[in-house]
Amino acid sequence: GEHPLQWCLVAYFQALGAGFLAFWFGLFAALFSFASHYGCEVDGEDINDLYLRNEDGSCDAVVSTGNSVVCCNPDNDIALEGNFPLGALYVAAGLLTAVIELGWGLDFPKTSRWYARRWHPRAVFYAAVGLVGLASPLTALPAVCMLSASVFL
């Protein structure tokens, strides 16, 4: 193109940003897969099954805290479930992206066969990770960023 250095820097920083997002969103997706309670607390402690609402809507036991009564509804399942394998992949991809970009991110010699063919193995890696990440809403944003970074490389 007309300004190759500028586009090289755009691709470099976009890949670094995508790796950063992949790491944190992957960590969230992995850890969120272990969510096991409804998040109801009384005085800072999780309440147990005794305080969950029955199928008919009644409570076997309630806890009053001031003017409010605590009784959680087990029908309110977590709408967005975690995905440990995908999260672990994205954590690893984020770390690997940082290592690759910080080490060889701006190295693309004109004498390489990848330059002559107009593609780079990093672009293939980012595209593959991006396509896999589109499978879950938890990793969709970094997946789109990875796909975009693969186009710029």
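Under the 4.5 Å side-chain heavy-atom criterion for grouping Ile, Leu, Val, Met, Phe, Trp and Tyr, Leu21 is not connected to Val144 through any hydrophobic cluster. Linking ILVMFWY side-chain heavy atoms closer than 4.5 Å, directly or via other members, places Leu131 and Phe125 in two distinct hydrophobic clusters.
Minimum heavy-atom separation, Ala18 to Pro142: O-CB, 4.4 Å. Nearest heavy atom pair, residue Ala88 against residue Ala30, reads N-CB, 4.2 Å. Heavy atoms only, all atoms of each residue included: Ala29 and Thr139 are closest at CB-CG2, 4.4 Å. Heavy atoms only, all atoms of each residue included: Leu134 and Ala140 are closest at CD2-O, 4.3 Å. The shortest non-hydrogen separation linking Ala22 to Met146 is CB-CE, 3.9 Å. Nearest heavy-atom pair across Phe25 and Leu141 is CZ-CD2, 3.7 Å.
Using cut-offs of 30° and 60° on the angle between ring planes, the pair Phe32 and Phe28 is parallel.
In this structure, the side chain of Tyr90 engages the main chain of Val129 through a donor-acceptor pair within 3.5 Å. Looking at Ser150, its side chain does come within 3.5 Å of a backbone N or O of Leu147 through a donor-acceptor pair. One N or O on the side chain of Thr97 and one on the backbone of Ala93 form a donor-acceptor pair closer than 3.5 Å.
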Review point. Would Leu89 and Val132 count as a side chain to side chain contact (heavy atoms under 4.5 Å, CB included) if you check the C-alpha gap in whole Å, the side-chain angles of each, and the deciding distance to 0.1 Å?
Key: CA-CA 9 Å; Leu89 170 73; Val132 170; 3.7 Å; yes
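Taking a 6.0 Å sphere around OH of Tyr12, one finds it holds more than 12 heavy atoms contributed by other residues, nucleotides or ligands.
How far CH2 of Trp104 is from CD1 of Ile100: 7.5 Å, rounded to the nearest 0.5 Å. How far CD of Glu101 is from OH of Tyr126: 3.5 Å, rounded to the nearest 0.5 Å.
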